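The structure under discussion appears below in the form of structure tokens.
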Amino acid sequence: MVKIAIAGAGGRMGQRLLALSDADPDFELVQALEWEGFPLIGRDVTALAPRADGVKWSCGLKAGADVLIDFSSPESTLRNAGWARELGTALVIGTTGLEPQQEETIRTFADAVPVILAPNFSLGVNLLFKLAAEAAKVLGDDYDIEIVETHHNQKVDAPSGTALGIAKAVAAELDRKIPDDLVNGRAGRPGKHSRKEIGMHALRMGSIPGDHTIHFANDVEVISISHRAQSRDVFAAGALRAAKWITGKTPGMYTMADLLFG
């Protein structure tokens with residue numbers, strides 16, 4: 001049985017992680033973490049995770065978890081990851097909006113614990129990364145590239161981590177650099193679409209969990225590859241699968257591609 005702690009457990013993703021892990025006999029919830037001012041601190045989590053008898057909402061990772069799953073905020077994730085490193089707890093991180101230097105700090109923790117830091121834990125999205133990279137490799141520089149992502153109106157960062165993951169996968173095949181060759185939206189007179197440009201567009205509306213499309217176009221055809229999330233459960237299920245997979249791994253930085261494709 002995998003003992004897990006969930007950070008950001010009171011948020012949209014966190015609540016689904018609580019529910020899905022509680023329904024899976026392979027998991028035992030040992031901590032549900034939230035910020036200090038969270039109104040349920042000190043109360044039982046059994047309303048969302050009935051099997052977690054005796055587990056209370058808390059702030060501050062403690063010893064006892066095999067894996068910490070973190071979908072909180074960049075600042076909280078850094079703090080939680082530091083505690084995990086000290087305690088020898090594996091990390092599965094899906095927090096979005098991390099700055100490059102924050103990501104780099106987390107990567108340094110992989111010298112002590114196994115870490116998966118992924119922009120998206122959906123199995124389909126990680127297949128999309130691979131397909132987009134393969135398309136870019138085949139099509140080369142003769143196609144314009146545009147990425148469009150759509151999320152709910154409560155999302156605080158843009159573009160999404162997933163959209164950036166698509167851009168990075170494509171850029172790696174075309175000798176382009178992110179963010180240098182990324183153009184976020186257009187206004188006024190931005191000029192013609194340059195050969196190396198990767199366009200990025202973010203829509204925020206309603207309660208959409210996540211839609212992503214990459215377009216490759218020239219004068220005679222358009223090739224589009226899309227992924228649409230129907231529910232947040234697709235992300236939670238992928239993170240839980242990652243938690244099972246990473247338990248017992250040696251320290252190091254891992255990806256969803258390692259899990260899916262070996």
Side-chain angles (χ1 to χ4, degrees), residues 13 69 71 90-98 100 103 106-107 110 114-151 157-184 195-202 208-218 221-246 249 252-262:
M13 272 295 300
I69 305 176
F71 280 79
L91 282 162
V92 171
I93 298 175
T95 301
T96 61
L98 290 165
E103 286 194 15
I106 291 170
R107 291 179 186 281
V115 180
I116 290 183
L117 172 62
N120 194 304
F121 281 92
S122 157
L123 306 188
V125 161
N126 282 278
L127 180 58
L128 172 60
F129 292 155
K130 188 175 182 66
L131 293 174
E134 286 295 318
K137 183 178 181 179
V138 171
L139 298 174
D141 288 326
D142 294 329
Y143 285 70
D144 299 326
I145 300 173
E146 298 284 315
I147 299 169
V148 181
E149 56 101 339
T150 306
H151 284 84
D157 58 302
S160 71
T162 301
L164 288 171
I166 297 170
K168 290 175 181 177
V170 167
E173 296 294 339
L174 296 174
D175 194 28
R176 302 183 191 181
K177 299 189 181 302
I178 304 299
D180 297 359
D181 294 319
L182 202 63
V183 177
N184 286 289
R195 180 58 59 88
K196 296 181 74 68
E197 177 178 327
I198 299 175
M200 180 73 76
H201 309 276
I208 297 170
D211 290 358
H212 295 86
T213 299
I214 181 168
H215 302 281
F216 299 87
N218 63 10
E221 64 181 353
V222 177
I223 302 159
S224 301
I225 309 172
S226 297
H227 178 274
R228 173 170 293 178
Q230 305 279 42
S231 163
R232 285 181 183 81
D233 284 7
V234 71
F235 311 125
L240 290 169
R241 179 170 172 176
K244 290 181 182 180
W245 181 84
I246 203 170
K249 290 285 189 295
M253 203 75 201
Y254 298 94
T255 68
M256 285 297 285
D258 295 323
L259 185 159
L260 293 174
F261 309 118

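If you're wondering where the values come from, they're calculated on a predicted model, not measured in any experiment. The chain is numbered in sequence order, starting from 1.
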Can you check side chain to side chain contact (heavy atoms under 4.5 Å, CB included) on Ile106 and Leu98, steps first, answer last?
CA-CA 10 Å; Ile106 291 170; Leu98 290 165; 4.1 Å; yes

Could you go through His215 and Thr213, starting from their C-alpha distance and side-chain angles, then the distance that decides it, and tell me whether this counts as side chain to side chain contact (heavy atoms under 4.5 Å, CB included)?
CA-CA 6 Å; His215 302 281; Thr213 299; 3.4 Å; yes

Let's go through Tyr143 and Val222 carefully: what are the C-alpha distance in whole Å and the side-chain angles of both, what is the deciding distance for side chain to side chain contact (heavy atoms under 4.5 Å, CB included) to 0.1 Å, and is it a yes or a no?
CA-CA 9 Å; Tyr143 285 70; Val222 177; over 6 Å; no

Do His212 and Ile166 pass the side chain to side chain contact (heavy atoms under 4.5 Å, CB included) test, and can you show the C-alpha distance, the side-chain angles, and the key distance before you say yes or no?
CA-CA 9 Å; His212 295 86; Ile166 297 170; 3.9 Å; yes

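Distance check, rounded to the nearest 0.5 Å: CD of Glu146 to NE2 of His201 gives 4.0 Å. Note that CG of Asn184 is 6.5 Å distant from CE of Met200, once rounded to the nearest 0.5 Å. Here Leu164 contributes atom CG and Ile147 contributes atom CD1; the two are 8.0 Å apart, rounded to the nearest 0.5 Å. To the nearest 0.5 angstrom, Thr255 atom OG1 is 9.0 Å from Met253 atom CE. Note that CD1 of Ile214 and OG of Ser226 are 10.0 Å apart. Values are rounded to the nearest 0.5 Å.
Within the structure, no pair that satisfies the side chain to side chain donor-acceptor pair (under 3.5 Å) test touches residues 123-136, not counting sequence neighbours.
Residues Pro209 and Gln230 have side chains not in contact (no heavy-atom distance under 4.5 Å, counting atoms from C-beta outward). You'll find the side chain of Leu127 stays beyond 4.5 Å of the side chain of Leu260, heavy atoms only.
For Phe129 against Gly165, the heavy-atom pair with the smallest separation is CE2-C, 3.7 Å. Counting all heavy atoms, side chain and backbone alike, Ala136 lies closest to Leu174 at O-CD2, 3.4 Å. The nearest pair of heavy atoms linking Arg176 to Glu197 is NH1-O, 3.6 Å. Closest non-hydrogen pair, Ile225 versus Ala135, comes out as CD1-CB, 4.2 Å. Scanning both residues, Gly97 and Asp157, for their nearest heavy atoms gives N-OD2, 3.6 Å. The shortest heavy-atom contact between Ala239 and Val92 is O-CG1, 4.0 Å.
In terms of modelled atom types and a separation under 3.5 Å, the side chain of Asp258 and the main chain of Phe261 share no donor-acceptor contact. The closest donor-acceptor contact from the side chain of Lys196 to the backbone of Asp141 lies at 3.5 Å or more, if one exists at all.
Shown here is Asp175, whose CG atom has no more than 12 heavy atoms of other residues, nucleotides or ligands within 6.0 Å. Other residues, nucleotides and ligands place no more than 12 heavy atoms under 6.0 Å from the NZ atom of Lys137.
In this structure, Arg195 does not pair ionically with Asp181, as no charged nitrogen and carboxylate oxygen lie closer than 4.0 Å.
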Report, one line per pair, each donor and acceptor closer than 3.5 Å where one atom sits in a side chain of residues 114-121; sequence neighbours left out.
residue, atom, partner, partner atom, Å
Asn120, OD1, Ser122, N, 2.7
Asn120, ND2, Thr162, OG1, 2.8

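Looking at residues two or more places apart in sequence or on another chain, you find a side-chain contact (heavy atoms from CB on, under 4.5 Å) between Leu259 and Arg241, Ala242, Trp245, Met256.
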